[in-house]
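Everything on this sheet refers to the single structure shown next.
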Amino acid sequence: MRNRPEDMPKIELPAGADDAHLSHGIAIRDWLDALPHAAAAFSFKNNTLSIVAVNDSFRQHFNLDDESRKRPHASEWRKRILRCARSDKASESFELRRDGILGPEYFSCAVGRLPEAEGQPNLFLFTALDRTSDRTIEKNLRRELLSDGLTALPNRTGFGEEIDDRLANTPWPENAQFGIIAIDLSRFSRVNESLGPMAGDELLITVAKRLKSSLRQGDVLARIGGNDFAIFARLNNGLSDALHIIQRIRDALSYPIRLSDLQIRVDCAIGCALSISLSDEPEDIVRKAQAAVKIAKRSGKVEIYRNGVLKEAQRRFSVESRLRDALAQGELNLAFQPLIHLQTGEITGFEALARWKDAELGHVSPVEFIPVAEESGLITQLGRWAAYEAAQALSRWDAKFGQPLPVGINVNLSPIQMARDDVASMFEEALRYSGISGNRLTAELTESAIVADPEKARKLLFALKDLDMPIAMDDFGTGYSNLASLHSLPIDILKIDRSFVGSMLEDRDKEIMVRTILSLAESLGLHVTAEGIETQELAHALQNLGCWQGQGYYFAPPMAESDAFDYWRARWNFETV
Ligand code: C2E
Ligand code: MG
Ligand code: MG
């Protein structure tokens with residue numbers, strides 16, 4: 001129950017009580033002794049500060065002998081009282097730190113001027129409250145806030161503070177620069193997923209130790225994200241110093257790390273950014289190094305930040321976040337490009353190609369957003385959407401036509417999607433949901449998907465065959481064509497990449513490549529589709545070479561669902577009359 005106001009004890013102030021004088025028989029020392037903290041009274045006359053009285057606590061913590069004057073922080077309180085005495089301020093408060101002295105370290109101090117009395121020197125009251133335990137708690141909290149609990153390295157915030165401290169409090173030669181080296185442990189999440197978080201932690205600790213061993217004095221190592229480390233380094237010789245440090249990092253991480261009974265080789269991507277002058281904002285340079293490391297993850301090389309890289313990274317970032325929304329809100333479309341039987345001119349099917357028009361970014365090409373989707377993990381969702389949408393498009397066309405169309409749709413699969421998702425059940429569901437038979441959905445995959453994990457790819461391909469789906473090898477000729485895998489895997493179609501097809505009439509080497517693929521396919525019993533046919537001559541040349549199927553702007557560009565249907569129906573009518 002709350003106290004009612006009338007329950008509150010009243011404090012009466014008798015007339016004249018606020019006017020009690022020290023001279024009423026009580027010595028100043030007694031007043032000071034009544035206080036629980038250090039207190040002293042000083043007089044100031046002829047520019048000299050003299051002690052009038054001090055209490056025991058003051059005597060204990062504030063050394064009064066002359067020896068103490070040699071320590072700058074020990075005499076700090078004298079200076080502050082003097083400053084107050086010389087000014088015409090009524091009071092002043094300040095914090096005092098007594099570093100390296102036994103006993104309390106932090107005091108919250110106040111100096112107040114007592115009223116002047118005729119003919120008397122000015123009197124000042126000084127009090128000092130011990131704040132050591134508060135400050136220690138604050139300091140510990142701050143340390144926790146600024147460091148990473150696992151590796152005890154500074155975290156991102158701590159890194160910023162360390163850099164500011166190094167830049168402000170250590171001498172820097174005239175033309176020195178600083179550099180930030182960002183390191184991303186590429187396979188870290190795999191370790192976490194397959195060996196568990198304990199092993200992941202152990203890996204991080206070992207990497208932190210190794211990185212630390214590659215530092216020079218004065219460099220700062222930090223863990224600025226889950227698997228992201230960064231180094232702040234002073235560079236007296238610009239980039240060449242930075243490259244030196246990078247070499248040391250690579251050496252330090254080159255030999256395998258032992259995790260329980262496994263030996264793990266750590267792969268890392270390294271990006272670096274250099275300041276132009278010492279007044280550059282460190283946070284900017286950190287961001288630039290992170291942009292460089294993103295590029296390094298793709299290129300597999302050490303990347304040094306160039307102008308424009310950041311723009312690229314920002315663009316990637318906005319593509320990623322807009323794509324996430326677009327997928328959630330169903331804003332992507334499929335376009336359908338006809339696949340033409342080169343000998344008969346018949347439309348045998350369509351390739352489904354993802355299309356995205358964003359309100360802010362405009363039309364974004366799949367050449368740009370597919371890699372972003374792959375890097376961000378959105379590819380699983382995108383791939384699922386494409387498979388369902390393609391199967392649904394077929395069922396809508398069938399419904400419009402009144403019976404199943406004699407065409408199928410090719411759906412592109414990304415190697416990342418194949419590695420992460422259960423693609424076979426995805427197709428099974430898509431087919432079941434739309435009532436489409438498996439032979440009408442062709443999976444287009446690339447050679448890199450097979451190279452990445454041959455055993456997994458093999459299982460998947462056979463599972464797709466169980467669904468009766470044809471399988472096409474996309475962009476054939478551009479990857480590491482492994483003839484053995486072509487022979488042993490259930491592949492039905494090779495799609496010759498348009499970089500060979502487009503220029504085969506002008507470029508003898510390309511023509512030889514196309515002919516070789518055609519004869520290889522013949523001996524393996526595979527069909528061939530030529531991509532990127534833009535002219536009639538090319539269509540004829542490929543027809544004469546015996547190529548089965550063609551795709552390209554010469555026949556038709558990718559079209560909206562209803563246009564593709566109309567295109568097919570117009571030709572189908574024509575062919576049947
Ligand atoms: P792709 O699978 O090789 O698709 C063929 C690309 O060639 C398409 O580019 C198509 O528009 C383009 N093309 C067709 N005919 C011609 C021609 O005569 N001349 C030229 N110069 N180009 C032609 P698009 O639509 O920009 O797609 C690019 C790539 O993006 C695709 O290459 C495919 O790898 C990927 N992609 C598109 N949609 C999806 C999807 O739904 N999932 C996945 N995983 N990848 C997709
Ligand atoms: Mg394709
Ligand atoms: Mg292709």
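Indexing begins at 1, ligand by ligand and atom by atom, following the structure's order. FYI, side chains are in, hydrogens and waters are out, and symmetry mates aren't considered; it's all heavy atoms of this structure.
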Any Lys/Arg nitrogen of Glu320 or Arg316 sitting under 4.0 Å from an Asp/Glu carboxylate oxygen of the other?
no
Enumerate the atoms of ligand 1 whose separation from the nearest heavy atom of Asp475 is less than 4.0 angstrom.
3 (O)
Could you tell me whether Asp474 and ligand 1 have an N or O pair separated by under 3.5 Å?
yes
Identify, by name, the N, O or S atom of Glu444 lying closest to the Mg ion (ligand 2).
OE1
Identify whether NZ of Lys or CZ of Arg in Arg210 sits under 6.0 Å from the centre of the six-membered ring of Tyr255 and within 45° of that ring's axis.
yes
Once you measure the plane-to-plane angle for His527 and Trp548, does it fall in the parallel (<30°), tilted (30-60°) or perpendicular (>60°) bin?
parallel
State whether any protein heavy atom lies less than 4.0 Å from atom 20 (C) of ligand 1.
yes
Sub-4.0 Å atoms of ligand 1 with respect to non-hydrogen atoms of Gln337:
10 (C), 14 (C), 15 (N)
With a 4.5 Å cut-off on side-chain heavy atoms, are Val207 and Phe188 touching?
no
Full working for salt bridge (charged side-chain N to carboxylate O under 4.0 Å, His left out) between Asp280 and Lys288
CA-CA 12 Å; Asp280 280 356; Lys288 287 176 175 172; over 6 Å; no
Going by the ring pair (Phe, Tyr, Trp, His ring centres under 6.0 Å) test, name the single residue among Phe336, Phe401, Phe350 that passes it with Trp568.
Phe401
When you measure from the Mg ion (ligand 3) to each N, O or S atom of Glu531, which atom gives the shortest distance?
OE2
Which residue from Lys495, Met418, Arg498 reaches closest to atom 12 (C) of ligand 1 through any of its heavy atoms?
Arg498
To which protein heavy atom is atom 36 (N) of ligand 1 closest, and what is the distance rounded to 0.1 Å?
Ile370 CG1, 4.0 Å
Which N, O or S atom of Asp474 lies nearest to the Mg ion (ligand 3), by name:
OD1
Using side-chain heavy atoms (C-beta onward) and a distance below 4.5 Å, is Leu323 in contact with Asp358?
no
Side chains of Tyr553 and Pro558 in contact at under 4.5 Å (non-hydrogen atoms):
yes
Would you mind listing which atoms of ligand 1 come within a distance below 4.0 Å of any non-hydrogen atom of Arg355?
11 (O), 25 (O)
What about Tyr554: any of its N or O atoms under 3.5 Å from an N or O on ligand 1?
no
With heavy atoms and a 4.0 Å threshold, my read on which part of Ala386 contacts ligand 1 is side chain
Taking N or O atoms only and a 3.5 Å limit, does Leu334 qualify as a polar contact for ligand 1?
no
Under the 3.5 angstrom rule, does the side chain of Asp475 hit a backbone N or O of Asp497 as a donor-acceptor pair?
no
Salt-bridge test for Arg420 and Glu374: reply yes if a basic N is under 4.0 Å from a carboxylate O, no otherwise.
no
Can you measure from CG (Leu441) to CG (Asn410) and round to the nearest 0.5 angstrom?
9.0 Å
Below 3.5 Å, N or O to N or O, backbone or side chain included: is there any such pair between Asn412 and ligand 1?
yes
How is the N/O/S atom of Glu351 that comes nearest to the Mg ion (ligand 2) named?
OE2
Do any of the N/O/S atoms of Asn412, backbone or side chain, fall under 2.8 Å from the Mg ion (ligand 2)?
yes
Starting from atom 44 (N) of ligand 1, find the nearest protein heavy-atom neighbour and note its residue, name and distance.
Ser414 N, 3.5 Å
Taking atom 38 (N) of ligand 1 as the reference point, the nearest protein heavy atom with its distance
Ala354 N, 3.0 Å
Please write down residue, atom name and distance for the protein heavy atom closest to atom 28 (C) of ligand 1.
Val367 CG2, 3.8 Å
Side chain, backbone, both or neither: which applies to Leu353 and ligand 1 if a contact is any heavy-atom pair less than 4.0 Å apart?
both
Decide yes or no for Phe476 and Leu526: does some side-chain heavy atom of the first lie under 4.5 Å from some side-chain heavy atom of the second?
no
Which residue owns the protein heavy atom closest to atom 30 (O) of ligand 1, what's the atom, and how far is it?
Pro366 CB, 3.5 Å
Backbone or side chain, does Asp475 get an N/O/S atom under 2.8 Å to the Mg ion (ligand 3)?
yes
Residue portion contacting ligand 1 (non-hydrogen atoms closer than 4.0 Å) for Pro558
side chain
When you check the gap from the basic side-chain N to the acidic O, do Glu534 and Arg498 get nearer than 4.0 Å?
no
Tell me whether atom 2 (O) of ligand 1 lies less than 4.0 Å from at least one protein heavy-atom position.
yes
May I ask you to list the atoms of ligand 1 that are less than 4.0 angstrom from any heavy atom of Glu534?
17 (C), 18 (O), 19 (N), 20 (C), 21 (N)
For ligand 1 and Tyr553, I'd like to know whether there is a polar contact (N/O to N/O, distance under 3.5 Å).
yes
So, Arg287 and Asp284, do they make that salt bridge, N to O below 4.0 Å?
yes
Drop me the distance from Trp356's CH2 to Glu331's CD, to the nearest 0.5 angstrom.
8.5 Å
